[in-house]
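Just so it is clear: chains get the letters A, B, ... in the order the sequence lines come, proteins before strands, and each one is counted from 1.
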Amino acid sequence: MHRIESGIWQEEAGDNPFVAEVARCRGYDVFGDMLPRAGWADMVFLLFAGEAPTATQRGVLNGLAVVLANSGPRAPAVHAAMCGGAGRAPAAASLMAALAVGAGRVGGAREVFLAVDAWREAKKDAMKMFAALAKTEQDAADIWPADDTWPGFDPHSRDCALPVRQALAHFTTIVSNGALASLSIHREGLEHQAMRGLAMTGVAAAAYIDLGLDADQAEMLHLLLCLPGAAAHALEMRSKSYKALPFGDIELLQEGALKHKDPAEYFSPSPGAMP
Amino acid sequence: MKPCHPLEDWEGPFRTAVGACFGGERVVFRGKDLHRELGEASWMELYVFGITGRRYGERELKVFNALWTYTSYPDSRIWNNRVAALAGTTRSTGNLAMSAALAISEAAIFGRQIDLRAIEFLQRTQKMLDQGEDLAEIVAQELRCRRSLAGYGRPFTADDERLAPLRAHLAQIGFPLGPGQRLAVEIDDVLQRNRWRLKMNYGGLAAALATDLGLSPAEFYSFAFPAFLAGMQPCYAEALEKPAGGIMPTRCAGLAYNGPPPRRWP
């Protein structure tokens, strides 16, 4: 008999050994007890954290789900899902595209992983975040491409966007201490040091810390929470003519002619370059 | 004049140097006309050219080819192949099955992450040796830092069944023993002399061959991407021949639960 170990899920069969009559998640009877009283955020938190959320945790997770649900069609991950819609690829292909692109080290779930790691190093103190981020070293054999960015900060802007400030302000009405509160107090100082504006990934990372999640859990949950908008935009694109997502013009250059400008021309310092 | 925003430089026409399709006319692939200049190329030659921008000869392409062939295992128990088979058992599509199975192959204890670590270690070690460092100390240091050595040791078995046939193939086609392969063997010798019980595995030899073929770690990582693909297709196909749900069916009692006892939702 095939056997799978799990601390999350338990099933009891009736007459049919392959059909569960009772399913328990972390000890809670999902269909007999939870279903009438628990919401989506309760279930997700239970799965990730192992316990039912407190009212504060439920509020943070619900807020995060709204904040991250849709980055809009300009976001690479959503754009990727829309490519699946334009070509009428299977639904899962669009979501896989959104996951692959949204997984990235800049603006994606890997950035959240790195920011959460830095938060843990900083022990939820935003004042220590800068030092923790500066200590971030990339393994030479890392599958994630190197990029000279600050996890949690916008690589292309010195200013903090209004939605980021609104999200942070909202969360601080729910949770009065911890990473989010510390970030709210010290945001401008951190931005000044980084010479970059706080990004939504930075707010999300602090929220995951306050939810008690580690970097691996935060990365996985972040991927999940970012999917709804990608799915909706893929469906929208699928309903339109393929001409709705045009290829655009192209300018073919000689091999080696495409040069990146030095990011330092716009922003400095870079992680690792600080004392 | 300095632009206002770093991304403004990248607006407008899509600027590229790797190639373009001029519909109804021609396709440029890294500066070559795909149909007129590369039309006779094998897919492997084109693939490696796309990654490296370099053209390889027939013997080298045979090595590239062998690196994929010798590690194509149609065994549905292996985690990445299992994903392909599980996609078959739910009657998902073949493309989704292969895409997911290849994504799962970017694992940390086998597959792409090991490939990258193995070649990075090998090439870094060569540079350190060139600076006069001692090989045994380099190996010991790596083991102290990482507790493992990519390219050496295997989770389930000590010996790697792929090495002897691949070496025989290399001898048959006359591919020379280059510095990458020599260093990989020297590392193996160090491990055996010091009784670390880690023998060179396929990833170690593949990284050595890639080094001798002039690949950078990033190029080797990209090259290796489809390495397991040929073994995955049969796993998916066979799953379709079995009844839906017929891949590793698990009874409710097969879930060995070790979490909290039954409790009431608060």
Side-chain angles (χ1 to χ4, degrees), chain A residues 1-14 16-29 33-34 37-38 42 46 50-52 89-90 92-93 96 99-100 139-143 145 155-157 247-258 261 263 265-267, chain B residues 2-3 5-7 9 12-23 28 30-31 53 87 92-93 95-96 99-100 103 106 108 112-121 123-124 146 150 217-218 221 245 247-266:
Chain A
M1 184 171 73
H2 194 239
R3 189 171 176 277
I4 303 172
E5 277 192 27
S6 173
I8 298 173
W9 200 253
Q10 182 185 31
E11 291 180 355
E12 288 177 11
N16 185 338
F18 289 97
V19 174
E21 294 289 312
V22 177
R24 292 191 194 89
C25 183
R26 310 268 194 195
Y28 298 116
D29 184 337
D33 187 21
M34 282 183 70
R37 297 189 287 141
D42 294 323
L46 178 65
E51 295 296 334
M96 287 162 72
L99 287 171
D139 192 326
D142 198 341
I143 52 170
H156 299 312
S157 177
F247 290 170
D249 296 326
I250 196 159
E251 183 183 339
L252 188 59
L253 309 172
Q254 294 294 314
E255 283 262 329
L258 197 66
K261 285 195 174 176
E265 185 181 336
Y266 307 100
F267 300 105
Chain B
K2 186 177 173 180
H5 192 283
L7 297 182
D9 274 351
F14 191 90
R15 281 182 289 137
T16 177
V18 294
C21 163
F22 299 94
V28 179
R30 280 202 179 275
S92 186
T93 77
N95 265 260
L96 291 173
S99 302
E106 197 174 40
R112 303 296 78 78
Q113 292 192 53
I114 287 292
D115 288 339
L116 194 55
R117 276 185 55 201
I119 194 168
E120 190 276 334
F121 169 68
Q123 297 190 1
R124 174 162 45 90
R146 295 184 180 274
Y221 165 81
I247 297 297
M248 295 189 174
T250 308
R251 292 167 180 244
C252 297
L255 288 182
Y257 178 69
N258 54 18
R263 50 184 172 165
R264 295 283 299 174
W265 182 253

Test: D139(A) and R146(B) ion pair at under 4.0 Å
yes
Max heavy-atom pairs within cutoff under 4.5 Å with chain B, candidates M1(A), E5(A), R26(A), goes to R26(A)
In terms of side-chain geometry, is the basic nitrogen of R263(B) or E51(A) positioned less than 4.0 Å from the acidic oxygen of its partner?
yes
In terms of heavy-atom pairs under 4.5 Å with chain A, which of G254(B), A108(B), G259(B) leads?
G254(B)
Point-to-point distance, once rounded to the nearest 0.5 Å, from CD of E251(A) to CZ of R15(B)
6.0 Å
Between I8(A) and chain B, which part of the residue has a heavy atom less than 4.5 Å away: side chain, backbone, both or neither?
backbone
Hey, can you tell me if H5(B) and H156(A) have their rings parallel, tilted or perpendicular (30° and 60° cut-offs)?
tilted
Counting heavy-atom pairs under 4.5 Å with chain B, which one of R37(A), E12(A), M34(A) comes out on top?
R37(A)
Residues C252(B) and A20(A): closest non-hydrogen pair is SG-N, 3.5 Å
S99(B), part contacting chain A, at a heavy-atom distance under 4.5 Å:
both
For the pair R3(A) (side chain) and L255(B) (backbone), establish whether a donor and an acceptor sit closer than 3.5 Å, ignoring hydrogens and angles.
no
Name the region of P17(A), side chain, backbone, both or neither, that has any atom closer than 4.5 Å to a heavy atom of chain B.
both
Interface moiety of P261(B) toward chain A, non-hydrogen atoms closer than 4.5 Å:
backbone
Part of F22(B) within contact of chain A (heavy atom distance under 4.5 Å)
side chain
Heavy-atom proximity to chain B below 4.5 Å, by part of Q254(A):
backbone
Give a yes or no answer on whether the side chain of Y257(B) reaches the backbone of G27(A) with a donor-acceptor pair at less than 3.5 Å.
yes
Under 4.5 Å heavy-atom distance to chain B, tell me which part of V19(A) shows up: side chain, backbone, both or neither.
backbone
Under 6.0 Å from the CZ atom of R264(B), do we count more than 12 heavy atoms belonging to anything else shown?
no
